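Working notes, beginning with the structure itself.
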There are 2 protein chains.
Amino acid sequence: MTSASDIHSKTVLVRKLESIATFSDEERQAILSLPSQTRVLKPGQDIVRDGDTPSQCCLILDGWAYRYKVLGEGRRQIFSFHIAGDIPDLQSLHLHTMDHTLATVTEATVAFIPHQSMRELTMRYPSVGAVLWRDTLVDAAIFREWMIGIGRKSAFGRIAHLFCEMYLKLESVGLASDHRCPLPMTQVDIGDALGLSNVHVNRVLQELRGKGLITLRSNTLVIHAWDEMIQASEFDPTYLHFEQRAAG
Amino acid sequence: MTSASDIHSKTVLVRKLESIATFSDEERQAILSLPSQTRVLKPGQDIVRDGDTPSQCCLILDGWAYRYKVLGEGRRQIFSFHIAGDIPDLQSLHLHTMDHTLATVTEATVAFIPHQSMRELTMRYPSVGAVLWRDTLVDAAIFREWMIGIGRKSAFGRIAHLFCEMYLKLESVGLASDHRCPLPMTQVDIGDALGLSNVHVNRVLQELRGKGLITLRSNTLVIHAWDEMIQASEFDPTYLHFEQRAAG
DNA sequence: CGGACAATTGATCTACCTCAAAATTGGTGG
DNA sequence: CCACCAATTTTGAGGTAGATCAATTGTCCG
């Protein structure tokens with residue numbers, strides 16, 4: 001079950017977790033030794049569905065994923081976007097029934113890790129458990145920040161905020177720099193994430209371009225005026241909890 | 001530090017956690033032995049503020065609390081309401097800087113428990129840690145559900161949904177029955193929680209009353225037509241994760 | 001080259017907001 | 001027990017950010 005390429009896959013996880021925590025050699029080895037199964041998924045493919053009771057969780061190695069829930073009449077709310085190093089359904093370790101769906105945005109490479117192994121890991125090494133717990137808490141902090149946007153900010157501020165957030169998340173794991181990053185979701189996706197119609201998203205994007213704040217084409221975002229974007233969106237990165245060495 | 005009334009205070013916590021998990025005698029005793037300091041707080045008083053780095057967390061014994069963040073120009077977003085048995089700032093155990101504020105709605109009795117003691121508890125009894133972790137995951141699930149409301153539901157649906165949620169939360173800890181429950185927040189609070197103006201909240205409340213769905217006065221809510229409320233708000237209690245015996 | 005999907009544009013509509021004032025409620029001190 | 005104050009709820013009128021509907025254009029890719 002644990003091949004050489006398999007260990008390599010969990011390096012993505014260790015690297016992300018070690019950006020904010022410190023592990024002993026034994027703990028690091030325990031994470032790398034987690035059994036897992038790697039698969040390549042097509043764009044727009046559901047990974048775990050609303051109502052499922054999964055017995056494994058999903059570590060993203062490459063590509064983008066997102067979480068969403070559909071209501072009646074085609075309404076959809078997107079909760080989050082995920083990139084390499086994320087375990088978007090880590091919550092299923094303790095919440096047995098999925099209350100939303102996890103799917104790919106782009107083609108994606110993911111590693112599935114059995115819940116059983118994750119539980120054994122967190123029971124034997126509670127400090128590793130604390131770091132994973134922390135990860136789900138940052139997740140929740142991001143939900144809160146999105147609530148602020150959807151509930152109390154203009155469409156302009158919301159979109160600018162999302163762009164700042166995605167850039168910083170990508171930069172923090174080495175997938176972006178120089179205020180340039182990949183951004184593979186469609187305008188419909190952005191609307192469903194921020195509670196806007198695709199038409200309005202399109203118009204606000206034109207406004208952002210018109211003011212020279214960003215460039216966005218062929219799935220690449222460039223932020224030309226970081227400070228103005230920060231200000232327009234009332235962005236404060238505290239909620240991303242990027243602090244160094246914050247292990248439990 | 002651990003008086004008789006002190007142990008009694010943590011009974012509130014044990015009772016809540018045992019509604020979904022099972023503890024050994026030793027684990028139960030460890031929770032009851034947590035040191036804590038009980039205080040009575042006035043209505044509308046901040047408990048922990050945005051930007052603080054607290055060294056303890058707060059167990060609600062009686063009364064209501066809520067979490068919020070303020071933006072410029074008096075805009076405020078409320079993230080959640082909390083009742084007896086909740087530890088609304090449990091996240092501060094692993095996220096050192098508060099990214100929002102916790103405050104009382106009503107007069108409230110709360111017990112403060114040092115982070116240090118909570119950490120020792122979760123390190124020594126990882127399965128207790130798992131139950132606390134789970135609690136923060138339900139918290140996040142509720143945030144997601146609110147995002148759906150704010151992003152994709154009408155004001156009518158949002159308010160009806162909030163009422164169904166609060167009733168079930170209260171009922172689950174024995175603070176409500178017969179579709180009747182306390183509801184001490186103001187219409188301004190409801191608006192700030194759901195991304196609405198107080199004026200519009202008022203008009204929707206009249207509509208709910210006019211249709212005979214609810215009664216709401218002197219801080220008491222009665223839901224007369226549960227099924228219609230469920231339907232109007234597209235309420236599905238799965239996200240509250242009330243399952244029996246779900247320990248990690 | 002064709003087909004599907006994504007982005008864009010135009011025109012119209014409405015759910016909800018803002019501002020401002022009045023009525024009601026609940027608590028408090030005399 | 002009443003008078004009064006502050007907070008909350010309610011009502012009215014007018015305004016707007018963003019929705020909806022429907023068509024057109026652009027882009028990617030087999």
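Please read these numbers as outputs of a predicted model, since none were measured by experiment. Residue numbers start from 1 in every chain, and the chains themselves are labelled A, B, ... in the order their sequence lines are given, proteins ahead of strands.
Nearest nucleotide to the A:Q206 side chain, out of D:dG18, D:dG12, C:dT8: C:dT8. You'll find that the side chain of A:A155 is closest to D:dG18, out of D:dG18, D:dT20, D:dG12.
Looking at heavy atoms from C-beta onward, A:L205 lies out of side-chain contact with A:N202 at the 4.5 angstrom threshold.
In this structure, CG of A:L183 is placed 11 Å from P of C:dA7, rounded to the nearest angstrom. Taking atom CG of residue A:L216 and atom P of nucleotide D:dT27, one finds them 14 Å apart after rounding to whole Å. Atom-to-atom, CG of B:L194 to P of C:dC17 comes out at 11 Å; the value is rounded to the nearest Å. For the pair B:I150 CD1 and C:dA15 C1', the computed distance is 16 Å after rounding to whole Å. Between the CZ atom of B:R158 and the C1' atom of C:dC17 there is a distance of 12 Å, rounded to whole Å. Between B:I190 atom CD1 and C:dC16 atom P there is a gap of 15 Å when expressed in whole angstrom units. Computed from coordinates, the A:E73 CD to D:dC21 C1' distance equals 16 Å when rounded to whole Å. Residue B:E207 contributes atom CD, which lies 11 Å from atom P of C:dA15 at whole-angstrom precision.
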Write down the protein N/O and nucleotide N/O pairs, taken from nucleotides 6-9 of chain D, whose separation is under 3.5 Å; answer none if there are no such pairs.
from	atom 1	to	atom 2	distance (Å)
D:dT9	OP2	B:Q187	N	2.9

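Across all strands shown, A:G195 has heavy atoms under 4.0 Å from sugar-phosphate atoms exclusively, and none from any base. If you check every strand for non-hydrogen atoms under 4.0 Å, B:G44 touches nothing. At the heavy-atom level, A:L205 lies nowhere under 4.0 Å from the strands shown. The residue A:S218 sits apart from the nucleic acid: no heavy atom pair falls under 4.0 Å.
For the residue pair B:T136 / B:D139, no side-chain donor-acceptor distance below 3.5 Å is found, with atom types taken as modelled. Defined by atom type and a distance below 3.5 Å, a donor-acceptor pair is missing between the side-chain atoms of A:H241 and B:T97.
Comparing the helix axis at one end of the helix from C:dC1-D:dG30 to C:dG30-D:dC1 with that at the other, each defined from 5 consecutive pairs, gives an inter-axis angle of 50° (nearest 10°).
The 12-atom threshold is not exceeded at CZ of B:R49, counting heavy atoms of other residues, nucleotides or ligands nearer than 6.0 Å. Annotation: A:R180, atom CZ; neighbour count of heavy atoms from other residues, nucleotides and ligands within 6.0 Å does not exceed 12.
Using bins of under 30°, 30° to 60° and over 60° for the plane-to-plane angle, the ring pair A:Y68/A:Y66 lands in the parallel bin.
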Taking it one step at a time, do B:I150 and A:W146 satisfy side-chain contact (heavy atoms from CB on, under 4.5 Å)? CA-CA 10 Å; B:I150 302 174; A:W146 283 34; over 6 Å; no
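In summary, B:E234 and A:R75 engage in a salt bridge, as defined by a charged side-chain N under 4.0 Å from a carboxylate O.
Aromatic pair B:Y239/B:H161: centroids less than 6.0 angstrom apart.
Relative to the ring axis of A:F81, A:K169 does not place its NZ or CZ within 45° and under 6.0 Å from the centre.
For A:R217 and D:dG26, a side-chain-to-base donor-acceptor distance below 3.5 Å is absent, hydrogens and geometry of angles not being considered.
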